[in-house]
Amino acid sequence: METMTEPDGITGAVAAIQGIRDVRLLLHGQNGCRKGLLPLERCMPGDGIPYTDVSPADYYGGTAPKLERSLDALSGEGLVAVLETPALTLIGDDVEGMARSREGCIRLDTDSLGNDIGTGFDSAIVSVLDHLAPERSETIENGVNILGLSVAHKDWRAVRMEMGHLLKSAGLRLVSVVGAGCTLGELRDSVRSGFNIVVDPEFCSRTVGFYEAMGVETVGIGCQPVGFDRVDDLYRAVSEATGRRTSHAFEMLAKYRRRAYDGIVASGKSLVGKTYAIDASRSVSDPLSSWLEASFDMVVDEFGRPDYLFTSGPKAFLEQASGGCGKGVAVRYPHLKYDFVKSPIMGLDGAMYLLDGLLNRSWPA
Amino acid sequence: MSFRVAIYGKGGIGKSTVSGNLSYSLAAKGLKVVHIGCDPKHDSTRQLLGGAVQNTVLEYMREVPPSRRSLSDIAMAGSKGVMCLEAGGPMPGVGCAGKGITAMFSTLERLGFGDMRHDVTVYDVLGDVVCGGFAVPMRKDVSDAVLIVTSGESMSLYAANNILKGLSRFEGPGGKTGGLILNMRGVLDEEATVQEFSKATGAPVVCKLGRSDLFTRAERSGRTLCEQFPDSDEAREIGRLADYVSELASGARNPVKANPLTDAQMDGLISAGRVDGIGGYALPVVEAATSEEARRPRRIGKGPVAAIQTAGKVIDIPIVIHGSRSCGSSLLGECLSQRLSWSCSLSGLPTSSGSNVHCTGMSAESSVFGGADRLESMVSQLADANSTIVVITTCISSMIGDDVASAMSRVMESHPGTKILTVDANRVDSGYDAHIEAIRALSSLIEEPVHDLPIASVVDDTFVAYNKGRNREAFGSLLNVFGLLQGPGFLSDCSEDDIRGLGRGRMAFLAEESRDALEVERILESKGIVFGPPVPRGYRGAVEWLEKVGRILDMEEAASDAVLRLESRHSRIVDRLSGRLSGRKALVEAGPADRGWICEALSDCGMSVLDSDDGGIDIQIGGRRGSALWMEVPETYVSQEAESILLERAANVLRTSGKEGWKQWRR
């Protein structure tokens with residue numbers, strides 16, 4: 001039975017707005033609803049997510065006055081995105097009208113955010129882009145954007161840094177990482193890029209459509225670049241599409257593979273026949289399972305107690321502590337800690353992080 | 001761009017009849033008309049469809065995924081080519097019809113309704129303005145004018161006035177009141193009363209219909225009166241109404257800004273048939289912004305959060321959250337973070353992964369149609385394998401009136417061995433009250449007490465730090481003085497069996513003596529649980545506790561020996577640390593439960609405890625950081641363990657400069 005407790009579209013929408021530096025989110029709802037979003041604040045520390053602090057009495061009295069007050073308080077702080085919690089949509093207050101009547105204010109439609117974090121993120125990004133209505137004037141030479149990366153992805157900063165470096169080494173200019181530490185100015189410029197490089201298709205299907213309609217082509221591999229093989233695929237795809245040589249990326253890939261090889265030999269461990277289970281979206285589970293099986297001869301668990309469980313930070317910890325798995329490895333939101341040490345799952349550093357989880361005897365991340 | 005007119009009025013006043021006839025009449029004049037019924041009964045378009053009942057927008061949304069939806073599937077062509085749509089809504093007694101209306105408008109917009117080329121849209125809206133959802137057709141961006149059907153009956157006029165009040169929220173300077181349609185019932189002074197209302201509010205009477213059985217005869221044949229009896233006086237009057245609406249649409253005439261009456265004015269109208277002056281109702285004024293309050297986040301949980309913080313501590317009872325997926329996700333996070341913080345500070349206690357928390361994942365659709373069926377189905381599945389289940393309701397399930405109690409009764413009837421504990425977290429305002437509701441529910445599992453085991457349990461440690469630090473070990477050593485072992489807590493990572501067997505222990509002790517904890521004590525005492533004094537804080541608290549429990553258990557000698565050992569240890573701690581602490585000044589910003597023992601421990605070592613930071617303090621303990629050296633209130637608070645941790649930490653902090661160089665890295 002599906003437990004329906006995974007982060008949903010609202011989480012994705014919050015992640016999207018948190019990932020755009022000069023947009024402020026206003027959560028229209030109760031404090032209890034906001035509590036569940038506190039882990040996202042850890043992904044992008046700042047002033048905290050403001051909210052209207054609706055009380056039970058407001059459900060029958062109307063919530064407009066509190067929303068007005070909060071919007072007044074945030075005026076002058078750049079673009080404000082209002083997001084109602086599900087219960088607030090039952091009241092029928094004209095939040096859309098209030099947002100439209102104020103300059104620099106948009107409303108995110110809660111009902112259209114969908115059931116998973118990816119569709120919510122995607123929908124919110126498109127809402128911001130629609131509001132900006134950027135124009136594609138002259139193309140930025142060798143300009144590219146990264147799509148599908150959010151502040152909720154594991155160690156998104158490390159992904160941004162690594163990809164930024166490898167793309168630059170190929171002579172490409174990274175115009176915007178849409179929704180992961182970008183600015184409104186970068187978003188305006190993003191439509192002038194030649195290509196969008198998709199790192200998580202589940203987070204950007206509508207966004208891709210927006211850009212394609214403006215003439216920005218899409219490059220991707222249909223999943224996250226998890227594991228060395230998918231990283232290889234991604235940079236080949238980038239090279240083919242853009243015509244730029246990504247030789248440095250392949251040099252780095254070779255170095256990382258060598259280092260990984262040395263580490264596996266030194267560990268003296270074999271993963272052959274070890275079981276795994278992946279509790280994550282398809283864009284993670286597809287490439288990860290392929291890599292585990294092809295590179296290490298691991299097999300998917302059939303008996304309900306895998307040797308390795310790839311899941312969210314808290315679940316990885318608790319499943320291991322309660323004996324539900326041999327080792328829990330954190331690969332997705334929500335996260336248990338702040339990543340001081342690079343710990344993404346995408347890219348070259350991502351592959352090393354996963355190897356660390358597989359082969360080192362340490363408490364789960 | 002279509003001219004959009006919304007028809008409102010008291011339930012049963014004849015809105016559907018009037019609006020259906022209006023739509024027909026407009027179409028008969030050559031206009032392209034769309035008629036939208038906004039009533040869950042979905043009977044507005046029958047007279048335009050020859051008596052047929054059409055598929056509703058909301059049912060369509062339930063059955064067809066978004067990628068396959070098309071406007072042509074839900075719009076039917078009626079008489080004179082009027083395009084007919086029905087919103088639909090939930091069955092009587094469940095769900096939220098108002099939410100259905102907002103959902104319908106969103107769906108129509110996404111299906112491109114706004115791009116269609118038609119001349120007039122007529123909305124036939126349910127009854128009075130009862131909530132925000134049913135006011136959607138009044139909004140600026142949804143309609144251009146509002147017509148109100150009324151009679152001379154007082155209730156109908158009250159409803160009309162209420163509608164004008166609602167409309168005043170959405171009008172611009174120009175107003176949107178199209179006027180009043182008088183559908184006469186033959187009551188005393190009917191026309192005069194309505195005219196007086198019209199004069200006072202400024203809403204013109206734009207149509208007058210007398211009582212006529214032609215309407216009924218036409219309805220019985222599944223047609224509008226205008227179609228069935230085109231040469232009747234009534235049809236001609238409706239034709240004049242259609243001309244008026246056409247003039248509004250063309251701009252030849254304009255809607256007005258009406259002045260709703262105050263309650264006193266309405267009373268005067270009904271009792272005396274007159275109103276002094278014009279309508280005096282004014283919208284409440286919105287308070288000015290308070291920027292700091294609006295911006296500062298708070299971290300106190302309410303209702304469902306507190307309920308899951310409590311119920312989630314029982315490691316093997318499944319929990320079902322009846323709410324949106326967003327609720328499920330955030331409440332699970334709350335539950336897991338509780339277990340994580342304990343797992344990190346404890347060893348040897350069982351824990352669970354949180355995989356026993358479920359959520360019904362109420363969507364926009366279940367908000368409209370009700371979610372109790374899904375809840376019943378989910379709980380039934382769990383009841384096949386579990387003897388106890390906790391159900392926690394959230395605000396959505398309460399707002400739409402889901403009958404959770406009946407649904408759970410049915411599950412228990414079909415699963416006689418299963419007990420369902422429902423925590424209605426929305427009946428209460430505060431987190432603590434929700435916590436008590438959850439405690440009450442869980443305490444119903446406690447079996448008849450027999451007190452046959454030498455164990456003691458700590459009770460109501462939910463909101464306090466008992467499970468952090470070394471409190472359990474410290475308290476355990478105090479219990480050992482009397483030959484008692486520390487049993488499972490109520491509720492700290494306990495199991496269902498632990499709760500059932502709570503009465504087997506010798507005694508129970510409250511983790512802290514707060515208003516809420518005392519309420520929990522009362523609940524458990526009613527189940528026969530025997531309580532001793534609360535868990536002590538600090539060295540002196542531990543001494544008092546030992547003496548009291550020694551008297552209760554008639555083991556004063558053992559208590560006395562333990563007190564001597566505590567005193568001796570206390571002296572050694574003070575001797576060791578006084579040299580580094582004596583003469584220093586401290587500010588203590590701890591809660592009332594901790595302040596006492598902290599101040600005593602500091603004073604014992606020769607420190608001065610000040611009431612405020614006058615610039616001369618050496619260290620601040622707890623509270624918001626100021627300019628002085630700062631340390632947190634220790635997590636360990638039981639017996640001499642507490643004071644040694646506190647004093648050692650204070651001594652260590654006083655050895656530092658307090659500058660924290662990392663704060664410069666931001667530059």
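Within every chain, numbering begins at 1; the chains are lettered A, B, ... in the order of the sequence lines, protein sequences first and strands thereafter.
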Point to revise | Heavy-atom check, side chain of Gln30(A) versus side chain of Cys395(B), under 4.5 Å | key: yes
Review point. For Ser326(B), does its backbone N or O pair with a side-chain atom of Asp8(A) as donor and acceptor, under 3.5 Å?
Key: yes
**Study point:** Interface residue of largest heavy-atom contact number with chain A, from Gly323(B), Gly333(B), Ser330(B), Ser363(B), under 4.5 Å
**Key:**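 When all of Gly323(B), Gly333(B), Ser330(B), Ser363(B) are compared, Ser330(B) has the most.
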Review point. What residue, out of Gly328(B), Ser324(B), Ser329(B), has the most heavy-atom pairs lying under 4.5 Å from chain A?
Key: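 With the most close heavy-atom pairs to chain A, the winner is Ser329(B).
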Practice item. Side chain from CB out, backbone as N, CA, C, O: work out which of these in Pro86(A) comes under 4.5 Å of a heavy atom of chain B, or both, or neither. Key: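 Answer is both: backbone and side chain atoms of Pro86(A) are under 4.5 Å from chain B.
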Point to revise | Between OG1 on residue Thr107(B) and CG on residue Asp111(A), distance to nearest 0.5 Å | key: 8.5 Å
Point to revise | Heavy-atom pairs under 4.5 Å with chain B, option from Thr89(A), Leu37(A), Ile10(A) with the top count | key: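 Going by pairs under 4.5 Å, I would pick Thr89(A).
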